[in-house]
Number of protein chains: 2
Amino acid sequence: MNTFAEENYLKAILSLSIQGEELVSTNSIATELNTSAASVSDMLKKLQEKKLIIYKKYKGVALNKQGKSIAVNILRKHRLWETFLVKKLDFNWDEVHDVAEQLEHIKSEELIDKLDSFLYYPKFDPHGEVIPTKEGTIPQTDRVLLSEIEENTNGIVLGVSLDETSFLQYLNKLKIEIGTEIQIFDRIDFDKSVNISINNKKQNISNEVAKHLLIKNK
Amino acid sequence: MNTFAEENYLKAILSLSIQGEELVSTNSIATELNTSAASVSDMLKKLQEKKLIIYKKYKGVALNKQGKSIAVNILRKHRLWETFLVKKLDFNWDEVHDVAEQLEHIKSEELIDKLDSFLYYPKFDPHGEVIPTKEGTIPQTDRVLLSEIEENTNGIVLGVSLDETSFLQYLNKLKIEIGTEIQIFDRIDFDKSVNISINNKKQNISNEVAKHLLIKNK
DNA sequence: AAATAAATTTAGATATATCTAAAAATAAAT
DNA sequence: ATTTATTTTTAGATATATCTAAATTTATTT
Ligand SMILES: [Mn+2]
Ligand SMILES: [Mn+2]
Ligand SMILES: [Mn+2]
Ligand SMILES: [Mn+2]
């Protein structure tokens with residue numbers, strides 16, 4: 001049985017791997033978890049001993065099979081709970097992340113099975129993020145980040161890759177939500193911002209925001 | 001913010017107070033929480049410093065106003081979660097206690113408010129135990145324990161005062177559930193067991209079981 | 001290649017929550 | 001009222017998870 005802290009570290013490593021880091025660095029984990037690099041080193045040693053990661057001092061860390069399985073399961077629980085909170089308890093999409101951070105650590109396989117069934121086996125969470133299967137796979141989707149999308153195309157927002165309150169409330173203000181149709185014009189070289197229009201209203205989206213918008217071309 | 005351990009100690013003290021101990025003893029807390037008397041002493045010192053209990057060394061402990069408020073709130077959360085698990089997720093009444101032990105520690109007032117609303121403000125949990133109000137009061141009921149009920153009367157089982165799996169599964173076997181009508185004949189002096197009948201079938205109920213059955217006379 | 005900077009790990013502390021064994025206080029028995 | 005037994009507390013360890021500051025390794029400049 002793993003502690004909350006161990007589970008959070010495994011989830012952080014998974015998240016950084018998905019974002020593209022092959023060998024995840026100590027510092028990026030520290031940033032992700034708002035803790036010190038020293039604490040990360042301590043915990044990596046411990047996870048290494050528990051045989052959940054492949055860790056080479058000064059080089060970086062990756063999840064091994066068992067570590068990945070645990071991390072994906074936490075992610076599954078996180079997203080199922082978020083779905084429950086929005087679909088059943090009427091929370092808004094920008095209010096659920098912090099509570100899900102707690103609920104994801106509840107230990108009961110039967111609970112999650114029944115929650116999944118109660119929600120009619122959802123495929124996506126309230127942020128459009130894909131929910132991993134009970135078997136531990138993360139279904140692949142054909143979404144592209146707005147920060148990397150081709151210029152002069154049309155698309156539809158299918159999700160966000162970040163579920164922090166401040167980000168989601170900013171999207172609310174920009175009138176960007178799941179299902180919003182957008183036209184993509186061009187990307188500015190200088191700051192990597194993107195010019196788009198929503199309902200024929202032109203606007204400029206910063207790279208910081210564009211990096212977290214999942215778009216499907218149409 | 002209190003730790004899980006602190007919350008569990010406060011809840012244990014509340015539970016023992018309700019069961020009749022005016023000054024709760026170190027040993028009874030140790031038994032209730034399956035821990036050592038030494039650990040209890042350590043924690044009582046800590047809760048004393050946090051001003052949540054009234055503690056006199058070697059004498060015993062009681063909750064103060066703030067400690068009671070916290071404990072009642074944990075009990076409320078425990079029973080609301082149990083209700084959710086049975087009513088919405090189709091758990092049986094003998095399967096929910098352990099998961100509720102985890103869920104009761106989730107910190108979010110809004111979550112509990114919304115859960116309460118989602119369940120249509122239930123007054124009793126799946127074991128017939130009364131759910132404390134948001135304001136922190138425990139509504140009084142006129143139930144009597146089978147171990148203390150008057151002889152030669154009729155009654156109906158409205159609840160149990162213990163929600164451990166082994167006890168509830170034994171009740172399932174005895175065909176005793178909430179709503180079961182029983183006739184009470186007499187109480188045996190020697191072992192305080194009670195002779196009753198259910199559907200005209202006579203049986204003898206041990207004091208250990210009778211102590212946890214909440215009956216309403218009719 | 002050597003010097004400097006950045007990233008990472010280790011050393012040494014602190015805080016929480018446990019435990020066993022020993023000491024102290026209280027209760028019960030003689 | 002002593003002695004004995006029980007209950008409770010303290011002393012001293014262990015385990016987890018953090019931190020800051022110092023040491024070490026790796027990467028970048030000059
Ligand atoms: Mn978490
Ligand atoms: Mn999400
Ligand atoms: Mn608990
Ligand atoms: Mn209950």
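Lettering of chains follows the sequences in order, A, B, ..., and the numbering in each one begins at 1.
In this structure, A/T3 does not reach the D/dT16 phosphate: none of its side-chain N or O atoms is under 4.0 Å from OP1 or OP2. Residue B/T35 has a polar side-chain atom (N or O) positioned under 4.0 Å from OP1 or OP2 of C/dC19. Phosphate contact (OP1/OP2 of C/dT20, side-chain N/O of B/S36, threshold under 4.0 Å): absent.
Stacking of A/K114 on the aromatic ring of B/F91 is recorded, both the 6.0 Å distance cut-off and the 45° axial limit being met. Cation-pi contact between B/K88 and B/F118: present, with separation from the ring centre below 6.0 Å and deviation from the ring axis of at most 45°.
To the nearest angstrom, C1' of D/dT18 lies 16 Å from CD1 of A/I29. Taking atom CE of A/M43 as the reference point, atom C1' of C/dT8 lies 17 Å away to the nearest angstrom. Going from atom CG of B/N2 over to atom C1' of C/dT16 covers 13 Å, rounded to whole Å. Here C/dT18 presents its P atom at 12 Å from CG of B/N34, a figure rounded to the nearest Å. Rounded to an integer number of Å, the gap from A/F4 CZ to C/dT16 P is 18 Å.
A salt bridge links A/K50 with A/E6: the closest approach of a Lys/Arg side-chain nitrogen to an acidic carboxylate oxygen falls below 4.0 angstrom.
The closest donor-acceptor contact from the side chain of B/Q102 to the backbone of A/K107 lies under 3.5 Å. Not one N or O on the side chain of B/N92 forms a donor-acceptor pair closer than 3.5 Å with the backbone of B/D94. Checked by atom type and distance alone, the side chain of B/H127 never pairs as donor or acceptor with a backbone atom of B/L162 at under 3.5 Å.
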Legend entry - Protein-to-nucleotide contact annotation, 5' to 3' order, nucleotides 4-13 of chain D [B base; S sugar-phosphate only; - none; under 4.0 Å, heavy atom]: ---SBBB---

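Residues satisfying the ring-ring contact (aromatic ring centres under 6.0 Å, His included) criterion with A/F84, sequence neighbours excluded, are A/W81, B/F84.
For DNA chain C, if you chain together Watson-Crick or G-U pairs that step i with j, i+1 with j-1 and so on, the runs of at least three with distances under 3.5 Å are C:1-30 with D:1-30.
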Inset, instruction - Under the side chain to side chain contact (heavy atoms under 4.5 Å, CB included) rule, what do A/I29 and A/T26 come out as? Steps first, then yes or no, please. - result: CA-CA 5 Å; A/I29 297 171; A/T26 299; 5.9 Å; no

Inset, instruction - Let me see the working for A/E129 and A/R143 under salt bridge (charged side-chain N to carboxylate O under 4.0 Å, His left out), right down to the final yes or no. - result: CA-CA 10 Å; A/E129 288 170 300; A/R143 295 121 183 243; over 6 Å; no

